[in-house]
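Taking it in order: structure first as structure tokens, then the write-up.
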There are 2 protein chains.
Amino acid sequence: MSTRPPQLSPLELSAYFAFTEVSSLLRHEVEKQLRDVGKLSYVQFHVLARLGDAPGGSQRMTDLADGVVYSRSGLTYQAQTLEERGLVTRAPSPEDERSTIVTITDAGRAVLADVFPGHIGVVRSMLFDSLDATDVEVLERVMTRVSGHLRSNPPRSAAPRRRKSD
Amino acid sequence: MSTRPPQLSPLELSAYFAFTEVSSLLRHEVEKQLRDVGKLSYVQFHVLARLGDAPGGSQRMTDLADGVVYSRSGLTYQAQTLEERGLVTRAPSPEDERSTIVTITDAGRAVLADVFPGHIGVVRSMLFDSLDATDVEVLERVMTRVSGHLRSNPPRSAAPRRRKSD
DNA sequence: TATTGTTATACTCTATAACTATA
DNA sequence: TATAGTTATAGAGTATAACAATA
């Protein structure tokens, strides 16, 4: 596929190691904060946050799953958990009876509000406190470029379901 | 603690979202590749890779745990799994009979060799293919700075074990 | 027949606390 | 008494495949 060398340069290796270390540590702390303050897993927080930003606080299961990248059954599990806690509701879509519309509740928004300041605090202290304005700019530019590239070139494994012709 | 504003600027938010998206997608793909090719979890790969780089292919459990950041029991579990597959050996340290020395075997190195090319391939195609030389440089500089900061200011929760005076 | 979502199931991983053994 | 590591246990999360219902 690629015509580029199969090795990483020392600089690339260093960048990769540092990147994974930072993302692991940050993720670990963020998960701990979400669990301690809001009893939320990372995925649950992600789902709530997406719903909080969505118009009407609602999204279809499939659209949510696309954003979170996980399996449908995994999302069903998390949505059930959130529904049992009263943080979301689920209802069949009026437009397409196959679809399920998930909607964040006031209680769900309250949990988001509980969790947000500490979440921001972790991100600030772990990521941005050691960066100056220029660093933030270049980091934003570089990460946005990569994420755009990943969105437009989804890895082969991202196929939602195996097709018959595989 | 911090005197900085409790909010993130739009640029910081954008950087954070892109960063987490990239790291999630990359991690997901890397885990899939490791599982498919080497039947390794991410942590298992990390342990093997560290041992592969260590002098003599050996490290103490505690030193390994420090690198992986997880709980001791979690590392014991992974080390057991690796030992059952013959990828590492475990033996008490001659110097300190309390310690366990973990050593990578030839079979372990073989699995690492199996897994490496694809691992590099995922990292290259997902991360570095969309970056030019300058981007790699700044990414390396920024991430190295952050990781150094995190190492020297370990988050409060990183205390290995609760002390009596807590 | 294709799509949406749930269920059943089995497995992996993680953490806490209690425990053993050595320093 | 403190440290290194293991064990027991329990819970959370994930994925695959089979299934039901709707388009």
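Note on naming: letters A, B, ... go to the chains in the order of the sequence lines (proteins, then strands), and numbering restarts at 1 for each one.
The nearest whole Å value for the distance from the CE atom in B/Met61 to the P atom in C/dT22 is 17 Å. Across the protein-nucleic acid pair, A/Arg85 atom CZ and D/dA12 atom C1' stand 13 Å apart, rounded to whole Å. Atom pair A/Leu64:CG and C/dT6:P shows a separation of 11 Å (rounding to whole Å applied). A straight line from CG of B/Asp96 to P of C/dT20 spans 20 Å, rounded to a whole angstrom. To the nearest angstrom, P of C/dT14 lies 14 Å from CD of B/Gln80. Rounded to whole angstrom, the span from the OH atom of B/Tyr42 across to the C1' atom of C/dT14 amounts to 17 Å. Whole-Å rounding puts the A/Leu75 CG to D/dA12 P distance at 18 Å. Atom CZ of B/Arg60 is separated from atom P of D/dT6 by 12 Å (rounded to the nearest Å).
Among the nucleotides D/dT22, D/dT6, C/dT6, the one closest to the side chain of A/Glu97 is D/dT22. Of the candidate nucleotides D/dA23, C/dT16, C/dT6, C/dT16 has the atom nearest to the side chain of B/Ser71. Here the side chain of B/Tyr77 is nearest to one of C/dT6, C/dT14, D/dT22, namely C/dT14. Closest to the B/Arg98 side chain, of the nucleotides C/dA23, C/dT7, D/dT22, is C/dA23. Side-chain proximity of A/Thr76 to the nucleotides C/dT7, D/dA4, D/dT22 is greatest for C/dT7.
Each of A/Val115, A/Val122, A/Leu48 was checked for a side-chain contact (heavy atoms from CB on, under 4.5 Å) with A/Leu34, and the lone residue meeting it is A/Val115.
The closest donor-acceptor contact from the side chain of B/Gln59 to the backbone of B/Thr103 lies at 3.5 Å or more, if one exists at all. Put simply, the side chain of B/Ser152 gets close to the backbone of B/His149: a donor and an acceptor are under 3.5 Å apart.
Looking at heavy-atom distances under 4.0 Å, B/Arg35 makes no contact with the nucleic acid at all. Using a 4.0 Å heavy-atom cutoff across all strands shown, A/Gln44 reaches sugar-phosphate atoms only and no base atom. Within the nucleic acid shown, B/Ser73 comes within 4.0 Å of at least one base atom, counting heavy atoms only. Within the nucleic acid shown, B/Thr81 has no heavy atom closer than 4.0 Å to any nucleic acid atom.
Taking OG1 from B/Thr89 and CD1 from B/Ile101, the interatomic distance works out to 10.0 Å, rounded to the nearest 0.5 Å.
Within the structure, a side-chain polar atom (N or O) of A/Ser41 is placed less than 4.0 Å from OP1 or OP2 of D/dG13. Contact annotation: B/His28 reaches the phosphate of D/dA15 (side-chain N/O to OP1 or OP2, under 4.0 Å). Under 4.0 angstrom from either OP1 or OP2 of D/dA12 there lies no side-chain N or O belonging to A/Gln78. OP1 or OP2 of D/dT6 has not a single side-chain nitrogen or oxygen of B/Arg72 nearer than 4.0 Å.
Nearer the 5' end of DNA chain D, as judged by each residue's closest nucleotide, is the contact made by B/Arg90, out of A/Gly74 and B/Arg90. Nucleotides of DNA chain D nearest to A/Val43 and A/Pro94 differ in position, and the one nearer the 5' end is that of A/Val43.
Using the six-membered ring where Trp is involved, B/His119 and B/Phe45 have ring planes that are tilted, between 30° and 60° apart.
The distance between the ring centers of A/Tyr16 and B/Phe128 does not fall below 6.0 angstrom.
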